[in-house]
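Here the structure comes first, spelled out in structure tokens, and everything after it is commentary.
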Protein chains: 2
Amino acid sequence: MDVRSLTYFVAVYEEQSFSLAARRCAVSQPSISAAIRQLEEHLDCQLFVRNARGVSPTAASDQIFPTAVRLIAEFGALKTIVRRPVATRPVRCAVMPGLSGERVSGFLKEAAIASPELYFELQRESSAADIMIVSEAALPEDQIFHPLWRDSYRAIAPVGHPLTMREEVTIAGFADDPVIVAHWTDAPGSPRRAFHDRGVQLARMSIAHSHQDALAMAAAGFGIAIAPSSEPLRSGLVSREIEDISVERNVGLSCARSYQLPSGLSIAVNICRLRWQSR
Amino acid sequence: MDVRSLTYFVAVYEEQSFSLAARRCAVSQPSISAAIRQLEEHLDCQLFVRNARGVSPTAASDQIFPTAVRLIAEFGALKTIVRRPVATRPVRCAVMPGLSGERVSGFLKEAAIASPELYFELQRESSAADIMIVSEAALPEDQIFHPLWRDSYRAIAPVGHPLTMREEVTIAGFADDPVIVAHWTDAPGSPRRAFHDRGVQLARMSIAHSHQDALAMAAAGFGIAIAPSSEPLRSGLVSREIEDISVERNVGLSCARSYQLPSGLSIAVNICRLRWQSR
DNA sequence: TCGCAGGCATAGAGAAAAACTATGGATGTT
DNA sequence: AACATCCATAGTTTTTCTCTATGCCTGCGA
């Protein structure tokens, strides 16, 4: 079980064929067979169904494929992260509005634990920032992106609210209720953009100062809150996926390719990825 | 360049020694040498400076260590993506007395975050335990050891105490003061064992219920406390290394080779390694 | 000052893993 | 029915990894 096996796996998955995968990897076909068999034994599950003309991936393959691609890429990128030590100056950090405050502070806290000498200048403008915590969709050009967590906007209502009883929650199902949001910008990946792209116009809408405020208002019965799934819920609230409008986004840390990420931040990135992205 | 090399690298980084890393990885020392040399050639940078007594990491090592730990962890967790491990029964966890409560609870908290469905039965007896949090020196045979942190017992006194003024703190220097300890067992790696091996007899000694209690007593002027360096100090206390008696130990999680570590615990192990072993 | 012990490097042999060639069985295609 | 395609298997070769044995260097103690 190493990077080589995963590389073969990815090739087979994409080519849907052992032979073609072998050609792409420049090895013989039995090598692919053996590697996939070992992988299947190690994972204790079948990865491909062998058909007469090629193979077809199983559900297990679908599950591990994204991770396999990412792990291969990160292994290959290991040599690029060897950097020189960094000078200690304040890190100018721009935080995109509308993110889960819980997660952002959790990340910064880990960085502070890892490097107590590190300190931040939080700012709203992305100009002149060393690093940004931002949605991947809003990533400027020429920036390196380190994913931290993935969240989706969900509808949140107090227990007992009619919304929580429904089998499927759709945007039409609560368009008449008052909707409470914290941020309503038009940035890529934002819920407003997603709603707008589908022509949804919300009749009544309140804008709170923060997601937690929005949740508090929902708990008080003001309406249905829309907030990221990473925002912790107080008891008495229920969150439901909105079936027909998905606002999924990768949130992460971005920095210029030329910026040498201080080691404390690098450690925090890795801790948070382990904590929030491991299945 | 594969997972194996990275595993060796992490072991060397943590042990600061090729020989000890070899022992931990259950391979011979030349294997470690070869793997590190290959890694250095591949990354085109020096990872360790070879000293007469062990090796010391370079800045390049510091840079790749966090990512290496995470990649190894995610590789190991690949199989848990497919087959979610059974958390159907509680994890029986034995915690060796005398450890830093701060660290132990920090570790268990990470496990709870990673796998909310995980729950523990804490017990004092190591018999019938699934996992143990234990000093490496007290490791039973045939157990896998996952290092979590390293600590040493230190002398702790209130600021202004004569002890804190000295250039070097030796055991003779405070043998006349009352000494406060939390645990005084004879286990391998314990301070009592270290003291006993050197024939040190402490004249006056108090035994507190916990390290924090011992620190509180020291703060109140009862004497000099001896506690692990990982125990957080309240303000007004100063900790000094004891020059001539070193009680250094690796603390980690151990489990039987046959026990398959639930993924939440595996994630927590790696988060704590990042947090406590990165320089 | 001189062993001596600890620690890493190196060399060569042995073992394990991976790759290759050749071939067979199964299944569509012509 | 003959054929082509595709994957599995067997046996061999090549590469890689690991081990034992040994040498060199350095810090420590007598």
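Heavy atoms only: backbone and side chains are in, while hydrogens, waters and symmetry mates are out. Chain naming here is simple, since letters A, B, ... match the order of the sequence lines and numbering starts at 1 in each.
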| Is there a donor-acceptor contact under 3.5 Å linking the side chains of A:N51 and A:S56? | yes
| Contacts of type salt bridge (charged side-chain N to carboxylate O under 4.0 Å, His left out), residue B:E40, not counting sequence neighbours | B:R50
| query | Can you name the one residue among B:V95, B:D130, B:L265 that meets side-chain contact (heavy atoms from CB on, under 4.5 Å) with B:F120? | reply | B:L265
| request: Carefully, step by step, assess A:F18 and A:Y8 under the rule ring-ring contact (aromatic ring centres under 6.0 Å, His included). | output: CA-CA 9 Å; A:F18 281 23; A:Y8 293 172; over 10 Å; no
| message | With a 4.0 Å limit, can you tell me whether B:S33 has a side-chain N or O closer than that to the phosphate oxygens OP1/OP2 of C:dA9? | response | yes
| said: Using five pairs at each end of the helix from C:dT1-D:dA30 to C:dT30-D:dA1 to define an axis, what is the angle between those two axes, to 10°? | reply: 10°
| request: Sort out for me which residue in B:I271, B:L148, B:L99 forms a side-chain contact (heavy atoms from CB on, under 4.5 Å) with B:F107. | output: B:L148
| task | Quick one, give me the B/S/- string for nucleotides 14-27 of chain C, reading 5' to 3', where B means a protein heavy atom under 4.0 Å from the base and S means that only happens at the primed atoms, P, OP1 or OP2. | result | ----SSBBB----S
| Residues that A:F48 engages under ring-ring contact (aromatic ring centres under 6.0 Å, His included), provided they are two or more places apart | A:F9
| query | Is the backbone N or O of B:Q46 less than 3.5 Å from a side-chain atom of B:T58, with the two atoms forming a donor-acceptor pair by type? | reply | yes
| task | Heavy atoms of chain A, cut-off under 4.0 Å: which first and last nucleotide of DNA chain D, 5' to 3', fall inside that, if you could look? | result | D:dC6 to D:dT9
| Expected output: side-chain B:S31 to main-chain B:V27 donor-acceptor under 3.5 Å | no
| query | To the nearest angstrom, how far is B:F18 atom CZ from C:dG7 atom P? | reply | 13 Å
| message | Whether the side chain of B:S17 engages the backbone of B:L20 through a donor-acceptor N/O pair (distance < 3.5 Å, no angle test) should be reported. | response | yes
| task | Could I get the full list of side chain to side chain contact (heavy atoms under 4.5 Å, CB included) partners for B:S230, not counting sequence neighbours? | result | B:S100, B:R103, B:W149, B:D151, B:P228
